[in-house]
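Structure, as structure tokens:
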Amino acid sequence: MSKLQPVRGTRDILGKDIPYFNMVINIAKVFASLYKYDEIVTPIFEFSDIFLRTLGEASDIVSKETYTFSDRDKTSITLRPEFTAGIVRALISNGLTQTLPQKLFTYGPLFRHERPQKARYRQFHQINFEFIGAKDPYSDVETIQLACDILKELGLSQEVKLELNTLGDSTSRQNYKAKLIEYFSRYQADLSPDSQIRLDKNPLRILDSKDEGDKKIILNAPKGHEYLTPQARAYFDKILEGLEYLGIPYSLNEKLVRGLDYYTHTVFEFTTNRLGSQGTVLAGGRYDGLVETMGGPSVPAIGFAAGIERLAELMLELSGEAAENQVFSLIPIGEEAEKYALKLAHDLRKSGFPIDFDFASNVGKRMKRANKIKAHLCLLFGDEELAAKQVKVKDMLTGEESICALDDLVARLRK
Ligand code: ATP
Ligand code: MG
């Protein structure tokens, strides 16, 4: 039998992590509806081509991180390492390109064969937003504003900073690529093996290298903004103007290129320095060519994704402990009271109160459990209280006890 442990890089999410994990999803859902994004759920696996053809051969994901396997009929299948390609596939499969724009929200697990470390797992989760058919610089601004709103609602505004760059249109990129090849070729022998391959396949990706030796060479590499076409420059300037107008602070980072081949124009990341080298909590960009590359019409689009674990770990770190969960404990004393507890628990739950009730126990053990689960109030009752249609209410924080008529109980708990 295999060891009773999760597979390396995967983990069970439970206990104090759960409230934060859920909070990220719930807040993302609230903002999805405020910004009028529709929810979509796509399969966890797709034909491998969906990812291979779109993310780029030289991307980290495709070159070494996918979970790819051969299905029983020998079809190559890949567990999704990111959402965008699958969502664009779904957009085309379902004929949604007929009714643009489409604003789509999703969340769920993703799979990448990475070296596991803090906030970096092999199965992780993201919230993800795609605005397909978005063609105005202000749609970039609105997308960034949506990301800001979510981070703010999660209480992370002070902890993250927005970094922004433009890759320009395809002409800008081609000009820049040529300059980069010229520059990096001079240092070819000193580049990391990964970057030597990138030099051939996608030199822009070298700028994203995490190798220390590469980083030194990158320091003096040509700057992308010098190769922007006037149109690409104007597009970017309008975004910056919009951000300033809305009072969204940002810093320009010309080294920001993002890991995947499909990005054009705007790329952005929200980063923190609290999670070690896993500093990017939310990342996104424009991908004007992707829908067409995948066989659909030419449709501009922009989107972003945020790592739920990274956001949750950041929130946990800031708060020091788990988010409070309101709960009340029932402590019946005597046979009649035990039976009545079943009914009272049900009535209170129906009124929306979380109730904890421990079966086949006694007063001492029940008080202990109430302490352990941090119950706010305990409701104690025996035959005497029930005859008088009352319960004793004990405030677990102050230790104070008072009597409350059953008829007034809901109002008392609401307080
Ligand atoms: P990194 O540079 O940290 O590897 P990335 O550029 O590969 O990140 P994206 O593909 O842009 O990440 O994914 C968006 C977000 O998803 C990241 O900013 C991060 O919050 C989260 N994320 C990515 N990979 C992992 C992982 N292996 N474990 C946990 N979260 C992850
Ligand atoms: Mg990565």
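When a ligand or atom number is given, it counts from 1 through the structure's own listing order. Reckoned from all heavy atoms, side chains included, excluding hydrogens, waters and symmetry mates.
Take Ser76 and apply the side chain to side chain contact (heavy atoms under 4.5 Å, CB included) test, not counting sequence neighbours, and it matches Ser48, Thr68.
Under the 4.0 angstrom criterion for non-hydrogen atoms, Arg122 is not in contact with ligand 1. In this structure, Glu82 has no heavy atom closer than 4.0 Å to ligand 1. A heavy-atom separation below 4.0 Å is found between Lys210 and ligand 1.
Closest protein heavy atom to atom 12 (O) of ligand 1: Arg112 NH1, 3.6 Å. Annotation: atom 6 (O) of ligand 1 to nearest protein heavy atom, Arg258 NH1, 3.5 Å. Gly307 CA, 3.6 Å is the protein heavy atom nearest to atom 21 (C) of ligand 1. Protein heavy atom at the shortest distance from atom 27 (N) of ligand 1 is Glu114 OE2, 2.6 Å.
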Assess the residue pair Arg89 and Glu46 against the criterion (salt bridge (charged side-chain N to carboxylate O under 4.0 Å, His left out)); give the C-alpha distance rounded to whole Å, side-chain angles, the decisive distance to 0.1 Å, and a yes or no.
CA-CA 9 Å; Arg89 196 273 308 139; Glu46 300 269 356; 2.8 Å; yes
Side-chain donor-acceptor pairs under 3.5 Å in residues 268-275, sequence neighbours left out?
residue, atom, partner, partner atom, Å
Glu269, OE1, Thr280, OG1, 3.2
Glu269, OE2, Arg258, NH1, 3.1
Thr271, OG1, Glu163, OE2, 3.3
Thr272, OG1, Glu159, O, 3.4
Thr272, OG1, Arg274, N, 3.0
Arg274, NE, Glu159, OE1, 2.7

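The shortest N or O to N or O distance between Ile61 and ligand 1 is not under 3.5 Å. Residue Ala306 has no nitrogen or oxygen atom sitting less than 3.5 Å from a nitrogen or oxygen atom of ligand 1, judged on distance alone.
For an aromatic pair to be called close, the ring centres must be under 6.0 Å apart, and Tyr37 with Phe105 fails this.
Using a cut-off of 4.0 Å between Lys/Arg side-chain N and Asp/Glu carboxylate O, Arg11 and Asp17 are scored as salt-bridged.
Tested against Asp60, the residues Arg115, Arg120, Arg198 include a single salt bridge (Lys or Arg N to Asp or Glu O under 4.0 Å) partner, Arg198.
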